[in-house]
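Read the numbers this way: they start at 1 and go in the same order the structure lists the ligands and their atoms.
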Amino acid sequence: MSKFLDKRLQETDAYTPGEQPRDIQYIKLNTNESPYPPAPRVLKAVSAEDIANLRLYSDPTCKVLKEKLAGLYGVKPQNVFVSNGSDDILNFAFLAFGRENGAVFPDITYGFYSVFAQLHGVEYTEIPLKEDFTVDYKDYLGINKFIAIANPNAPTGLSLPLWQIEEIVKSNPENVVLIDEAYVDFGGESCYRLTEKYDNLLVVRTFSKSRCLAGGRLGYAFGCKELIEDIEKIKYSTNPYNINRLTLTLGEATVDNDSYYQQKCSEIIQTRKAVKESLENEGFTVLNSDTNFLFAKSDDISGETLYLELKKRGILVRHFGNERIKDFNRITIGTPQEMDCFIKAVKEILSGGKQ
Ligand code: PMP
């Protein structure tokens with residue numbers, strides 16, 4: 001750190017992304033990417049001409065992509081925002097809506113919320129999840145602060161029903177409620193339709209999980225026209241061309257091939273069910289999941305030891321040091337073959353077997 005860094009930033013902890021080691025070919029079950037490639041037509045969507053056109057800036061209004069998303073979800077383009085990954089949108093939202101009254105979010109949730117809050121000097125309170133790791137929606141009623149809730153939540157995988165989200169939104173009319181639906185396509189109940197009824201709801205989504213495009217960096221959000229204009233203003237005040245031309249093209253083709261992604265989500269849900277059962281057969285406690293990952297712990301092995309033993313065997317899962325969840329690992333659902341290797345390795349580790 002140099003002596004020039006702004007004092008507030010000196011005290012900010014940056015987000016720690018899941019590890020991406022390159023030493024060997026790992027089975028990567030640690031960052032909730034899709035194990036499947038984008039749809040065949042998406043693979044062919046970028047032409048040499050598109051690459052040649054990189055000499056030109058991308059469309060800052062992202063008109064075509066917004067229209068396609070609006071068409072798919074039955075909203076108006078003015079109710080859609082798109083940006084460079086949903087992290088970008090979360091960042092804008094904390095900056096835009098957090099400072100006035102401060103922010104609240106659960107104590108166990110996506111680790112970036114506290115980073116964005118610190119980055120933008122937003123005072124924040126972390127509300128503990130219940131003993132069973134669910135969010136108690138009553139904790140968020142009428143609190144008059146910017147609220148960020150991942151629904152389904154990460155890393156627990158648990159979700160709130162739509163009516164509880166509506167209660168939260170309804171009871172905080174003077175503040176923005178951000179619902180992060182990064183994982184909603186794997187079984188959660190989306191609340192995006194409520195954006196037509198409430199002007200304080202921002203629903204954030206991503207192409208990184210169910211749309212197999214994590215490396216393309218594309219996120220989107222739904223909200224009333226005015227909320228969308230607010231975050232557009234921040235985008236235009238930082239980096240108007242923040243989605244590159246190739247990603248725009250890939251995103252458009254992704255929306256055009258929605259049925260492929262629906263199919264892949266169903267496959268992942270099926271695999272998740274089988275893996276949950278297998279882990280339970282090995283004595284694990286596995287939380288219910290509406291996501292593309294499982295959150296699981298065993299009484300026979302610590303979370304950290306399991307993580308390390310799996311890594312030795314070429315399998316990466318995500319372990320969090322946080323006291324409340326240190327017994328758990330978050331396991332992304334891969335292909336059935338990858339998950340067979342994972343279960344085999346778990347059995348071997350539990351039986352004290354050598355690799
Ligand atoms: N929200 C949640 C809950 C996440 O887990 C992630 C992925 N780490 C994101 C948002 C950000 O995803 P991306 O920036 O790739 O769209």
Side-chain angles (χ1 to χ4, degrees), residues 14-20 28-35 38 62 65 69 80-95 103 105-117 119 126 129 133 135 147-160 165 177-188 190-192 202-222 231 235 239 242-244 247-248 250-251 254-255 261 268 287 289-295 316-320 322 325 328-333:
Y15 177 70
T16 314
E19 57 191 325
Q20 309 277 2
K28 266 192 98 273
L29 309 178
N30 68 328
T31 45
N32 299 339
E33 292 139 324
S34 175
C62 307
L65 179 58
L69 279 167
V80 184
F81 179 73
V82 290
S83 205
N84 187 303
S86 61
D87 282 338
D88 217 27
I89 308 178
L90 299 172
N91 184 25
F92 292 169
F94 271 84
L95 176 60
F105 39 84
D107 63 339
I108 309 290
T109 190
Y110 184 35
F112 233 139
Y113 301 159
S114 56
V115 174
F116 288 133
L119 184 66
E126 295 176 315
L129 295 180
F133 292 111
V135 170
I147 296 170
I149 294 178
N151 196 45
N153 197 10
T156 63
L158 299 166
S159 53
L160 291 179
I165 296 290
V177 177
L178 181 155
I179 302 297
D180 178 350
E181 293 192 340
Y183 299 101
V184 78
D185 292 330
F186 300 101
S190 178
C191 67
Y192 85 90
L202 187 68
V203 180
V204 180
R205 300 265 193 102
T206 180
F207 280 65
S208 295
K209 318 294 178 185
S210 60
R211 309 298 165 104
C212 317
L213 212 61
R217 311 305 302 126
L218 193 55
Y220 58 113
F222 298 115
I231 46 176
K235 167 181 145 160
N239 182 3
N242 70 350
I243 306 179
N244 72 73
T247 294
L248 278 178
L250 295 170
T254 299
V255 179
Y261 296 97
I268 287 169
L287 301 194
S289 171
D290 285 326
T291 63
N292 66 339
F293 57 82
L294 289 169
F295 201 48
L316 287 180
V317 296
R318 186 96 194 244
H319 178 255
F320 298 90
N322 179 327
I325 53 171
F328 285 81
N329 276 293
R330 192 193 67 191
I331 305 137
T332 305
I333 302 300

- Item | Between Thr31 and Lys28, a side-chain donor and acceptor under 3.5 Å | yes

- Message: Which residue is it: Asn242, Ile89, Asp88? I am looking for the one with a side chain to side chain contact (heavy atoms under 4.5 Å, CB included) to Lys235.
- Response: Asn242

- Task: Determine yes or no for a side-chain-to-main-chain donor-acceptor pair under 3.5 angstrom, with Glu33 supplying the side chain and Cys212 the backbone.
- Result: no

- Query: Do you see a donor-acceptor pair shorter than 3.5 Å between the side chains of Tyr113 and Asp180?
  - Reply: yes

- Item | Arg211 and Tyr261: side chain donor to acceptor below 3.5 Å | no

Show me a pair-per-line table, with atom names and distances to 0.1 Å, of protein N or O atoms that are under 3.5 Å from an N or O of ligand 1.
residue, atom, partner, partner atom, Å
ligand 1, 1 (N), Asp180, OD1, 3.3
ligand 1, 1 (N), Asp180, OD2, 2.6
ligand 1, 5 (O), Tyr183, OH, 2.6
ligand 1, 8 (N), Tyr110, OH, 3.3
ligand 1, 12 (O), Ser86, OG, 3.2
ligand 1, 14 (O), Ser86, N, 3.2
ligand 1, 14 (O), Asp87, N, 3.0
ligand 1, 14 (O), Asp87, OD2, 3.3
ligand 1, 14 (O), Arg217, NH2, 2.8
ligand 1, 15 (O), Ser208, OG, 2.6
ligand 1, 15 (O), Arg217, NH1, 2.8
ligand 1, 15 (O), Arg217, NH2, 3.4
ligand 1, 16 (O), Ser86, N, 2.7
ligand 1, 16 (O), Ser86, OG, 2.7
ligand 1, 16 (O), Thr206, OG1, 2.5
ligand 1, 16 (O), Ser208, OG, 3.4

- Thr109-Asn153 side chain donor-acceptor pair, cut-off 3.5 Å: yes

